[in-house]
Amino acid sequence: MGELTATHFLLLSAALFITGMMGVLTRRNVLVIFMSVELMVNAVNVSFVGFAWEQNSMIGQTFALFVIGIAAAEAVLGLGIVMALSRRADTVDVAEVTELRD
Amino acid sequence: MSDQPLWISFVVGFIVLNVLLIGMAYMTWAERKVMAYMQDRIGPNRTGPFGLLQPIADAVKLIGKEDLIPKFADKRIFVIAPLVSFVTAPLAGLVIPFGDQVTIAGRQINLYATDINIAVLYVLALSSIGVYGIILGGYASANRYSLLGALRSAAQVVSYEIALGLSLVGIFIISGSLSLVDILNQQRQTLDLFGTGLQIPNWFIFYQPLAFVIFLIAAVAETNRLPFDLPEAETELISGFHTEYSGFRFSFYFLAEYISMIVISLFAATLFLGGTDGPIADGAWWLILKAMIFLFFYIWLRTTLPRFRYDQLMGIAWKVLLPLALLNIVVTGFVRLAFNNQLW
Amino acid sequence: MTPEVLVFDILAVIAVIAGIGVVVSRNPVHSAVALVVTFVNLAGIFVMLRAEFLAAVQIIVYTGAILVLVLFVIMLVDMDDLPEFHGGAPLQRLSAIVIGLILLGEVAAAVLTRTVVGQPGPWNEETIAAAGGNVQVLGQFLYSGYVLPIQAMAIVLLVGTIGALVMARPDEPTTRAGGRTTGTISLGHSRGADLVALPSGAPPARVIHREDMRDGLVMVTSADAYTEHAAWAGTDVPSEPGAAEYPTGAGIGSEENR
């Protein structure tokens with residue numbers, strides 16, 4: 001653990017990704033699930049930028065920039081769905097919206 | 001990366017923060033005095049000569065008040081929210097260049113705390129985090145009118161932040177750099193007006209007048225000042241997001257607003273008016289003079305204009321400032337490409 | 001231990017603790033605040049990794065826009081405390097922690113025994129500084145090699161904006177054009193004609209206001225009167241005197257009317 005190597009960043013990325021994954025799998029509130037998905041996306045971004053740093057490349061940073069942009073579009077649409085869901089089903093509990101028809 | 005040791009940067013940063021805090025305190029005094037004279041009255045003149053000790057009296061009064069937390073409020077967030085605003089406001093002052101280099105005790109010291117290569121984006125990022133102080137304050141008050149006021153205010157700040165950032169893109173196109181020290185150095189050269197021999201300084205206001213106007217309007221809206229202060233006016237939703245805050249916690253919000261006013265004035269002076277550049281002697285006094293012009297303009301607006309309604313306010317951000325800023329970017333890009341900045 | 005490793009350790013530990021806070025908090029606003037803390041720490045890590053522009057974009061876009069949007073939605077969606085934290089499944093949480101730790105061990109094993117394939121790229125610190133800095137190099141990349149992905153991303157964002165506008169519109173049928181606000185029963189229909197004997201000389205259509213209906217009951221005697229009734233246009237057809245002699249309470253198709 002003397003020098004800063006890419007292993008540090010990869011372990012951080014793995015820890016954040018697994019935390020996010022556990023959030024998606026165990027929580028019932030759709031907004032917390034959404035935030036856990038954002039946590040996973042950020043973990044992947046850390047991994048991209050870590051590799052770009054280790055390998056002296058700029059492609060990792062470019063890709064991470066695109067990931068942030070697409071995550072913004074996905075967030076907007078996802079939250080629109082959440083609002084429509086909460087209006088229609090009057091709940092944000094994913095365990096209650098289990099049927100396709102009303 | 002600057003080559004001065006880290007502790008010198010810390011000391012310079014500490015001095016800058018203290019200067020900002022004292023400036024903020026006397027900004028409150030200046031506002032009350034200037035507003036008073038504009039309204040044909042005198043303002044504070046009892047506490048010390050010309051009322052100069054009034055900020056200290058205000059501070060003593062606010063500290064002495066009872067520390068109230070509403071019963072159903074979310075205590076942790078109630079405590080943290082004003083601190084978020086108060087901490088992010090002066091941090092933006094750390095990248096503003098107050099000068100070049102001075103030699104003290106044999107060392108070369110830069111008159112700015114740090115020169116990062118994304119300085120302008122850093123300031124925008126700090127104002128993005130400052131929005132959380134508003135939202136969390138309104139949420140934690142357990143008062144639905146506070147919540148509505150907070151959501152309105154946050155929507156206003158986010159919308160005007162877009163106009164603010166886009167108006168600065170024209171400056172990035174011209175100067176080719178995001179660092180404030182680079183932008184300042186470029187404005188120090190003199191400009192030959194149309195080759196006639198008339199020398200004017202190379203300030204970016206001459207290159208980007210539309211961006212300057214958009215920046216000013218967006219800056220007034222960002223700091224929630226009149227005429228854009230609907231979310232926190234006392235006649236609207238009682239007092240918006242800081243209704244339930246009293247005593248020193250309220251003063252955190254109040255002072256954060258003044259510090260962000262001062263920082264944005266310094267920022268505008270550096271980006272558009274050349275910062276420390278002046279006709280006779282370059283120095284920090286020119287920067288402070290230019291910032292004081294902007295601060296006077298803020299106070300002048302407050303005493304003169306009535307308040308905008310919320311839909312008018314949002315309409316201005318999205319229907320007027322945003323298209324104008326985009327138009328400015330297109331025209332600037334075209335001029336840069338076609339004339340390589342040699343328009344005059 | 002170099003100062004870089006120390007700074008990285010502090011930032012990473014706080015980021016992971018805040019990440020766990022996102023997943024574990026009862027209150028979604030606390031989750032959002034914990035996520036803000038995580039993002040700011042990750043931005044600090046990006047600065048350490050020589051990606052300053054990405055750090056600024058992360059704060060401006062992710063914390064300053066996306067999470068503000070999430071907080072707005074949390075506050076506008078009125079919800080009660082969810083039952084997942086009341087007397088529910090400690091076994092599920094324990095198994096989640098155990099599985100998470102096992103996965104982390106596996107990934108750590110994969111990371112620690114990896115081999116690097118291929119050549120490193122040319123952008124180390126000196127070449128980046130020679131080209132003008134991180135922003136300039138990214139600008140060169142994005143606007144020469146990656147122009148089309150940027151245009152595609154712009155289109156995706158536009159589609160996202162339009163989609164969000166469509167989905168967040170209010171949903172009531174009264175606000176849609178031509179929406180019905182009246183209940184209709186067609187007596188011109190063959191099934192309706194033999195249910196109630198209409199008094200002779202009754203007009204082809206009438207509206208009856210009953211207490212259990214908001215806008216009234218339209219009674220017609222022919223299919224054309226049904227489709228051409230003014231009630232479809234939303235105009236209020238005044239109810240007539242003498243409506244009280246029509247049977248109320250029991251519906252037209254109920255047992256006692258057969």
Most chain C-contacting option - heavy-atom pairs closer than 4.5 Å, from [options]:
options: A/Leu65, A/Asn45, A/Ile81, A/Val76; value: A/Leu65
options: A/Gly78, A/Ala72, A/Gly20, A/Gly60; value: A/Ala72
options: A/Leu10, A/Ile70, A/Ile68; value: A/Ile68

Tell me, for [X] versus chain C, whether the close heavy atoms (under 4.5 Å) come from the side chain, the backbone, both or neither.
X: A/Phe51; value: side chain
X: A/Phe34; value: side chain
X: A/Ile33; value: neither

Pairwise side-chain contact, [X] with [Y], heavy-atom cut-off 4.5 Å (strictly under):
X: C/Arg50; Y: A/Val49; result: no
X: C/Ile99; Y: A/Ile18; result: no
X: C/Leu103; Y: A/Met21; result: yes
X: C/Val156; Y: A/Glu74; result: no
X: A/Leu77; Y: C/Met167; result: yes
X: A/Leu16; Y: C/Thr38; result: yes
X: A/Ser36; Y: C/Val23; result: yes
X: A/Ile59; Y: C/Phe141; result: yes

Say you draw a straight line from [atom1] of [X] to [atom2] of [Y]; how long is it, rounded to the nearest 0.5 Å?
X: A/Met22; Y: C/Ser95; atom1: CE; atom2: OG; answer: 8.5 Å
X: C/Phe46; Y: A/Phe9; atom1: CZ; atom2: CZ; answer: 10.0 Å
X: A/Glu38; Y: C/Tyr62; atom1: CD; atom2: OH; answer: 4.0 Å

Original post:
side chain to side chain contact (heavy atoms under 4.5 Å, CB included) between C/Arg93 and A/Thr26: does it pass, once the steps are laid out?
Top reply: CA-CA 7 Å; C/Arg93 265 180 271 164; A/Thr26 41; 5.6 Å; no

Chain A heavy atoms under 4.5 Å from [X]: which part of the residue, side chain, backbone, both or neither?
X: C/Val16; answer: both
X: C/Leu35; answer: side chain
X: C/Leu142; answer: side chain
X: C/Leu101; answer: neither
X: C/Val166; answer: neither
X: C/Leu138; answer: side chain
X: C/Ala65; answer: neither
X: C/Val61; answer: side chain

Subject >> side-chain contact (heavy atoms from CB on, under 4.5 Å) partner of C/Ile74, the single match among A/Leu79, A/Val82, A/Leu31 >> reply: A/Leu31

If you tally heavy-atom pairs under 4.5 Å against chain A, which of [options] wins?
options: C/Leu67, C/Leu49, C/Leu165; value: C/Leu49
options: C/Val22, C/Leu104, C/Val13; value: C/Leu104
options: C/Gly145, C/Gly19, C/Ala15; value: C/Gly19
options: C/Ile66, C/Val107, C/Ile45; value: C/Ile66
options: C/Gly121, C/Ala154, C/Pro122, C/Gly163; value: C/Gly121

Please give me the minimum heavy-atom distance between [X] and [Y], naming the atom from each residue.
X: A/Met58; Y: C/Ile128; result: CE-CD1, 3.6 Å
X: A/Phe66; Y: C/Pro149; result: CZ-CB, 3.5 Å
X: C/Ser31; Y: A/Met35; result: CB-CE, 3.5 Å
X: A/Gly69; Y: C/Leu157; result: O-CD2, 3.7 Å

**OP:** Measure up the C/Phe8 and A/His8 rings against each other and bin them: parallel (under 30°), tilted (30 to 60°), perpendicular (over 60°).
**Re:** perpendicular

Subject >> C/Phe72 atom CZ: more than 12 heavy-atom contacts under 6.0 Å >> reply: yes

Original post:
For C/Gln119, does the CD atom sit with more than 12 other heavy atoms under 6.0 Å from it, leaving out its own atoms?
Top reply: no

Original post:
For C/Gln58 and A/Asn42, does a side-chain donor sit closer than 3.5 Å to a side-chain acceptor?
Top reply: yes

